[in-house]
S.K.: 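Just dropping this structure here.
Read the numbers this way: they start at 1 and go in the same order the structure lists the ligands and their atoms. Computed from a predicted model, the values in this text were never measured in an experiment.
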Amino acid sequence: MEIYLVGGAVRDGRLGIPVKDHDWVVVGATPETMKKKGYRQVGADFPVFLHPKTGEEYALARTERKQGRGYHGFTVYSAPDVTLEEDLNRRDLTINAMAEREDGTLVDPFNGLTDLEQKTLRHVSDAFAEDPLRILRTARFAARFHPLGFTICPQTMTLMRDMIGDGELEHLVPERVWQEIQRALHEKSPGVFFQVLQELGALAILAPELADTECFEAGLQALQCISVQNSSSAQRFAALLSAVPEHKASALAKAMKSPNECRDLTRLTCLFAERFSIDTGTPLPAKAVLELFDQADLWRRPERFEQLLETLICTPHKTHAEPLRLAARSATGVSPQELLNQGFKGKELGTAIRNERLMRITQVLTP
Ligand code: ATP
Ligand code: MG
């Protein structure tokens, strides 16, 4: 049997950037020989094994045929007669379809190295069209390598447009889409991911609420601003949706099956942005601020509130952030214990807390 290094490790090695993990392909072996050598099989249907010592992934060379539509309709064929080239042919992009022999020499039947040098993202073969997830992966690699000058070649753009025209995106389950979006949010130029999808007409299908030009442009700017900081996925997602009306943004975050913290921060960011755009420029009335604090549950979730402010600073409403931060700091200082000691009880205690908070907010906000 022969073992080759494949995928991201070969690509990143040639790019001279740090290699995250090593994926290996094994040609000419059966599951039995692998197990005899001490490899542990992972997953029943897929011929993938873990190295007994390093724990790295070793996959038997395989081909994939499309059966039905969407992500699930694949038959995997793996046998000792599947060649390396056949295995590389089922991969998404040429720069991801290079292999290295154990002596470090390159096996590159699809000219990935030329594309790497020319900074081109190009599909390997027509088989690309069999998996719509590759559209999202390609957009994600465009986002990752944008700072290095990579772009998607016109033929691949055309192929992806054809796939979208054929309704392929509708077959992706929300979990897979979210996984790619979540990864994309942490790539070097996350905005490029969404720009590519917008250009392809994919955003109108995957996130129609966001595809509206004005919301989209404002969202991209906010995302760009937040992503140069050490920010969370929730903050990045919320920034991207910050110009979408709250009810639409919340519906989208839910439909995408994004995690609760993403949904919550998106809802709050849009809610605050909406409230701010009612009376722009002027400081908000203290009562409105207290209402926002209640809606954000500032009292129990101060760290989330801080995340929210960091996100709002990246929107056109940034002038509100600092006064809000000061008001929040003062209002959270109200001590229920002290009021209790003063003799307030039950419903009256609630009112006293509220009044004290309101007073402190007013003090901070009054110039
Ligand atoms: P990363 O640095 O993000 O790990 P990678 O290129 O190694 O990038 P992986 O998701 O780890 O990406 O996949 C390893 C390899 O498997 C890819 O380089 C590519 O050749 C192939 N691959 C993964 N997913 C697909 C897919 N959906 N369609 C075709 N090929 C794929
Ligand atoms: Mg990888």
S.K.: Any salt bridge linking Glu303 with Arg301? Criterion: basic side-chain nitrogen under 4.0 Å from a carboxylate oxygen.
M.R.: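 Arg301 and Glu303: salt-bridged.
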
S.K.: Please indicate whether any nitrogen or oxygen in Ala97 is less than 3.5 Å from any nitrogen or oxygen in ligand 1.
M.R.: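 N/O-N/O distance below 3.5 Å does not exist for this pair.
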
S.K.: Relative to ligand 1, is Arg90 under 4.0 angstrom through side chain, backbone, both or neither, heavy atoms considered?
M.R.: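 Backbone only; the side chain of Arg90 stays clear of ligand 1.
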
S.K.: Record the part of Val6 in heavy-atom contact with ligand 1 below 4.0 Å; permitted values are side chain, backbone, both and neither.
M.R.: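 Within the 4.0 Å criterion, Val6 makes no contact with ligand 1.
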
S.K.: Just distances here: any N/O of Arg183 and N/O of ligand 1 closer than 3.5 Å?
M.R.: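 No - when backbone and side-chain N and O of Arg183 are compared with those of ligand 1, no distance drops under 3.5 Å.
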
S.K.: Between CE of Met160 and CD of Glu168, what distance do you get to the nearest 0.5 Å?
M.R.: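 One finds 13.5 Å between CE of Met160 and CD of Glu168.
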
S.K.: For the hydrophobic clusters of this structure (ILVMFWY residues joined by side-chain heavy atoms under 4.5 Å, transitively), does one cluster hold both Val19 and Val107?
M.R.: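 Shared cluster, no.
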
S.K.: Starting at CG of Leu210, measure out to CD of Gln198 and round the result to the nearest 0.5 Å.
M.R.: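 Answer rounded to 0.5 Å: 7.0 Å.
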
S.K.: In ligand 1, which numbered atoms sit nearer than 4.0 Å to a non-hydrogen atom of Gly7?
M.R.: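 Contacts of ligand 1 toward Gly7, numbered from 1: 18 (O).
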
S.K.: Do any nitrogen or oxygen atoms of Arg140 come within less than 3.5 Å of a nitrogen or oxygen of ligand 1?
M.R.: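 The answer is no, given that Arg140 and ligand 1 share no N or O pair closer than 3.5 Å.
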
S.K.: Record the part of Phe128 in heavy-atom contact with ligand 1 below 4.0 Å; permitted values are side chain, backbone, both and neither.
M.R.: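 The answer is neither; Phe128 stays 4.0 Å or more away.
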
S.K.: Suppose I only count heavy atoms of Lys20 and a 4.0 Å limit; which atoms of ligand 1 are within that range?
M.R.: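 So the answer, numbered in order with elements, is 1 (P), 2 (O), 3 (O).
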
S.K.: Classify the ring geometry between Phe305 and Phe293 as parallel (under 30°), tilted (30 to 60°) or perpendicular (over 60°).
M.R.: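 Perpendicular.
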
